[in-house]
Amino acid sequence: MKKIINDPATVVADSLRGLELAHADLVTVVPDPAVVVRADAPVQGKVAVISGGGSGHEPMHGGLVGPGMLDAACPGPVFTSPTPDQVQAAIERTNGGAGALLIVKNYTGDVLNFETAAELAQAEDVEVATVVIDDDVAVQDSLYTAGRRGVGGTVLLEKIVGAAAERGDDLAACLALAQRVVANVRSMGMALAAPTVPHVGEPSFDLDADEMEVGIGIHGEPGRARLPAENADGIVARLLEPVLADLPFREGDRVLLFTNSMGATPLLELYLAHGIAERMLADRGIVVERRLVGPYVTSLEMQGMSLTVLKLDDELTGLWDAPVRTAALRWGS
Amino acid sequence: MKKIINDPATVVADSLRGLELAHADLVTVVPDPAVVVRADAPVQGKVAVISGGGSGHEPMHGGLVGPGMLDAACPGPVFTSPTPDQVQAAIERTNGGAGALLIVKNYTGDVLNFETAAELAQAEDVEVATVVIDDDVAVQDSLYTAGRRGVGGTVLLEKIVGAAAERGDDLAACLALAQRVVANVRSMGMALAAPTVPHVGEPSFDLDADEMEVGIGIHGEPGRARLPAENADGIVARLLEPVLADLPFREGDRVLLFTNSMGATPLLELYLAHGIAERMLADRGIVVERRLVGPYVTSLEMQGMSLTVLKLDDELTGLWDAPVRTAALRWGS
Amino acid sequence: MACTAESVADAVRAAAAVVASHRDELVALDRAIGDGDHGENLNRGFTAVVAALDEGTPDTPAAVLKLVASTLISKVGGAAGPLYGTAFLRASAVVKDAAELGPAEVVAALEAALGGVVARGKAEVGDKTMVDALSPAVEAARSADSVSELLTAAAEAARAGAESTEPLVARKGRASYLGERSAGHVDPGARSTALILGSFAAGPVR
Amino acid sequence: MACTAESVADAVRAAAAVVASHRDELVALDRAIGDGDHGENLNRGFTAVVAALDEGTPDTPAAVLKLVASTLISKVGGAAGPLYGTAFLRASAVVKDAAELGPAEVVAALEAALGGVVARGKAEVGDKTMVDALSPAVEAARSADSVSELLTAAAEAARAGAESTEPLVARKGRASYLGERSAGHVDPGARSTALILGSFAAGPVR
Ligand SMILES: Nc1ncnc2c1ncn2[C@@H]1O[C@H](COP(=O)(O)OP(=O)(O)O)[C@@H](O)[C@H]1O
Ligand SMILES: Nc1ncnc2c1ncn2[C@@H]1O[C@H](COP(=O)(O)OP(=O)(O)O)[C@@H](O)[C@H]1O
Ligand SMILES: [Mg+2]
Ligand SMILES: [Mg+2]
Ligand SMILES: [Mg+2]
Ligand SMILES: [Mg+2]
């Protein structure tokens, strides 16, 4: 296993120490139970926006904690959802009296653990609302699955809701906005090579030199289909078409296009793919009004990419543009 | 070969189109000869800060073009220095009457091509100065080598000199400052797995599962030594000790610590390594005053990391903190 | 033969040992149709459970079960953490403050555990989850006369139930994302349930 | 036998063909002790040279050499671009506006090319660079009587010179970073110089 680590058992805790040292102006790390908290938390009168999930998707979520985005992130072990006591601790540390919005990616483990924490917090009279994001069109949302997974759209959701909380929206408004984002965002991803989880020690799946896995998740789950590897045009079309067909996105729609690296795909390739996606959208008369390109929702050293499209309106665009100051996303004053 | 590309021959041009679409507010891409230019160039009365080199190191240099940093970047083919006509075009497009500072990484090819361009520009009465950065302590600087390579320190140099040019320093002052940065910055890198150049199609070197390459460059050149892979403590010590010994850095020194991913190393591991490096510096009484952690000077999908340490003083710290607005580095107003 | 707090604690230690020795098998099963962490998750949790028990065994079987529940909930994470945690929590609640558990209490505990897993996870038999092992185990337990017979019957039924998941297409949990590709593999959670019940049957429960 | 603009252009086309057919070999040599791009760089450059010649052959040998020089400089990049470019540029300058090149002019051109490479790259014989092929080639060329004999002698000397780089430790260029590890491999630039001079000798230069 090729890793820069000391011990698979302590990899998340060890990494959090480095995160805190690197960004002491932005975050405080509570070691046990592990929580990454905004340095100036709690912000009085502000809805606390909290997320979390398994580690290995960095910069999501710890790198997205800071003014204009998350108040806290709960990092589980690699690819394993956090536990309720982490979420409880996050709520306690960030509750400024206006309640907490939990942003949960739709995985059985994440949903169950956050649900337990929400019940416990409500029992202590803290107002808690939960939004579950499930933007991955690779999964059939039906009686026969656990429902769609939360993937790339999560970062856009966290940015937009974070901005709303920062400007003073109350919990109900934040929740309604979050649900609007979830309703308008769709994603799909693919892999050329699998990640290796430290405590497993071998790649999560095996792909031949001429194969790709389409419709993968972000935890090294195999995808829905293994196909012969294609060129960039083919890959982008294979991701973008189901995304656009699903909502559906229509001619004249204004969108945010998020071209995400799963970890090991170089920026050289990512920008190349982004350019292709922009042209495909332009060909359909869909207006790319904002974009995000980079490794934001990763899966350790998985090689591959995902595309996320969010339908914008003036309010969403304004909230996207609002100032943000986190380790990974930073703009405005 | 596992790549999201269409054609190895057009990969750089194709990627630049995506870069321009993604960051039209920051950069303009001139397709032939290829140059990435600050969107508002030329800035009258300001020294133009220009860099470039082979592609495959993204976000360096194209992602570092914008207010407070580079005026232009000249992207060569993957891992191959740009040609003089690219540099000439960059100078023409960005010269605001105050001359141009060329930031050149010390590789024979880069030095020769930039040198040729500088001669041609001077022949047309444009004031041009060149600074060559050679921060890689893995290479012996002696009669028996082409001299030390320019690696991670380049980003720090470009940020600091970019800030000086932005505040109005003249060419002589920018050059002197650049030389001061070069004199005070040292780096070293290692790899766990090699990158694959698109037009080569196989990894640049072969490493066994239990091996690492120490003292690598950023072009897939093999390093000075192949060693059994070590844990994070071992790797960080192996990079940091020669870096500190070289300048040397001493107790009480104030420094910027830059923990860089070579591409495929996940942020989880990178922050872990950063934390170790911070503690090693603290143990020696060296004060980490600023830090940068992330994939900034990459080598395609090479797995590995480098450490760069820059000795700070009040002026350098101030210039580091000055506002910057580029695709990859962004802070301040 | 009485099932005291001590013997429940011993059974849980036996379960921890079996989880540890099957960690890699559970990881491999989860790698095939999930994300490869099930063995690691459970092992982390049960290691913490043993550490908690080492600090002193609680007084009653219910208190032991509750300690197991809260430790698993706060250490396992993933889907298995809340599911196993709820199972032990409900089992604890149903046996109240009895000092010793007879067959009726053990059956009630198993029923409550199953009820908790279903309440949280909403899975039915045939969805390719731990319910496919736990549900037949509860059924089998009902028809036995002693605690040890009952546990043996439950373990055997759980083993068969876990095996029965192999041809199924998953409809719950992470494996459901794979659709048809999930068939042909045993469900890791069903397997771990069978292993744990097996350790209860084989172990030092008196 | 006269060496006209046409025949110089033909020689350059022959060089382009040889570079193309040895692209992968040069990549492999550069992969061993450099960054694996030498074959790709030269092939990109010579492909552009042929395209430029296809637009019409310049009038004089000097003009052909100058076109080759400027095309290589603007298309090759890396160390090889400025070095080969300077070589052709200096060769062009030294033969002035002669309509045909005799042995003396060809020797002068080769000497000028070597001078250009050394001026730019500061390498000496033994540094494991293209100078190790070009320098003995110039030496050998001096003692021949006709252009074709001279080119044959130069090519043979360059071939031997390139081979002689194998045991050397590099002191210039990217290979020098490897220190002792650079020994045991032929220098890619020396090899390409030998190939190009070989194509001049074998080719249709009359
Ligand atoms: N809704 C559910 N109901 C019952 N059991 C479930 C459900 N979802 C998942 N499981 C069980 O959890 C197991 C996976 O646990 P684990 O790997 O630890 O969690 P995760 O899937 O979060 O990685 C599955 O094999 C399955 O038996
Ligand atoms: N200083 C120098 N003088 C002469 N030749 C050199 C010098 N540096 C490098 N070379 C030649 O250039 C060759 C490498 O060319 P190439 O691979 O195209 O460029 P780069 O090293 O920039 O990738 C080497 O094999 C060597 O023959
Ligand atoms: Mg998991
Ligand atoms: Mg090169
Ligand atoms: Mg799992
Ligand atoms: Mg080379």
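Every chain is numbered from 1 and lettered A, B, ... according to where its sequence line falls, protein lines coming before strand lines.
- If you measure heavy-atom distances from C/A175 to chain A, you find no contacts under 4.5 Å at all.
- Heavy atoms of A/P77 lying under 4.5 Å from chain C belong exclusively to its side chain.
- Taking the six-membered ring for Trp and the full ring otherwise, the centers of A/H57 and A/F79 sit less than 6.0 Å from each other.
- Considering all non-hydrogen atoms of both residues, A/Q86 and A/A34 come closest at NE2-O, 2.9 Å.
- When heavy atoms are compared at a cutoff of 4.5 Å, C/V76 approaches chain A solely by way of its backbone atoms N, CA, C and O.
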| field | salt bridge (Lys or Arg N to Asp or Glu O under 4.0 Å) between C/D187 and C/R174, worked out | value | CA-CA 11 Å; C/D187 176 64; C/R174 207 175 285 282; over 6 Å; no

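- Listed options C/V27, C/T86, C/D30, C/I73 were ranked by heavy-atom pairs under 4.5 angstrom with chain A; first place goes to C/I73.
- A salt bridge links C/R142 with C/E139: the distance from a Lys NZ or Arg NE/NH1/NH2 to an Asp or Glu carboxylate oxygen falls below 4.0 Å.
- Taking both residues in full, the closest heavy atoms of A/P198 and A/L300 are given as CD-CD1, 4.1 Å, listed atom of the first, atom of the second, then distance.
- Chain C forms more heavy-atom pairs under 4.5 Å with one residue of A/Q88, A/R149, A/E202 than with any other, namely A/R149.
- Residue A/E115 touches chain C through its side chain alone, counting heavy-atom pairs closer than 4.5 Å.
- In this structure, a donor-acceptor pair under 3.5 Å is absent between the side chains of C/Y177 and C/S182.
- With a threshold of 4.5 angstrom between heavy atoms, A/N113 approaches chain C through its backbone and through its side chain.
- Annotation for A/G53 and A/P82: closest pair CA-CD, 3.4 Å, computed over non-hydrogen atoms.
- Between the A/R148 side chain and the A/D135 main chain, no donor and acceptor come within less than 3.5 Å of each other.
- Of the charged side-chain nitrogens involved, at least one lies within less than 4.0 Å of a carboxylate oxygen, so that C/R191 and C/E25 count as a salt-bridged pair.
- Residues A/Y296 and A/S261 bring no donor and acceptor atom of their side chains to less than 3.5 Å of each other.
- Environment of CZ in A/R93: sparse, with no more than 12 heavy atoms of neighbouring residues, nucleotides or ligands closer than 6.0 Å.
- Heavy-atom proximity under 4.5 angstrom to chain A picks out C/D35, C/G36, C/D37, C/E40, C/N41, C/R44 from residues 35-67 of chain C.
- A salt bridge is absent between C/E111 and C/R90; no separation between the charged side-chain nitrogens and carboxylate oxygens falls under 4.0 Å.
- No more than 12 heavy-atom neighbours from other residues, nucleotides or ligands sit within 6.0 angstrom of CD on C/E124.
- When A/T80, A/D136, A/V139 are compared by the number of non-hydrogen pairs under 4.5 Å with chain C, A/T80 comes out ahead.
- For A/S204, the part sitting under 4.5 Å from any heavy atom of chain C is the backbone (N, CA, C, O) and nothing else.
- Of residues 4-15 of chain A, no residue lies under 4.5 Å from chain C by any heavy-atom pair.
- For the set C/K122, C/R181, C/R120, C/K172, the count of heavy-atom pairs under 4.5 angstrom toward chain A peaks at C/R181.
- Inspection of the A/H61 and A/E158 side chains reveals an N or O donor paired with an N or O acceptor under 3.5 Å.
- Residues C/K96 and C/E105 are not paired through a salt bridge, judged by the lack of any N-O separation under 4.0 Å between the basic side chain and the carboxylate.
- The most heavy-atom pairs under 4.5 Å with chain C, out of A/T116, A/V111, A/V197, A/L112, come from A/L112.
- Contact count against chain A (heavy-atom pairs under 4.5 Å) is highest for C/G34 among C/A32, C/A28, C/G81, C/G34.
- A distance of 4.0 Å separates CE of A/M305 from CG of A/L307, quoted to the nearest 0.5 Å.
- Of the listed residues (A/V78, A/D110, A/V200), the one with the most heavy-atom contacts under 4.5 Å to chain C is A/V200.
- Interface remark: C/A170 contributes backbone atoms only to the contact with chain A (heavy atom separation under 4.5 Å).
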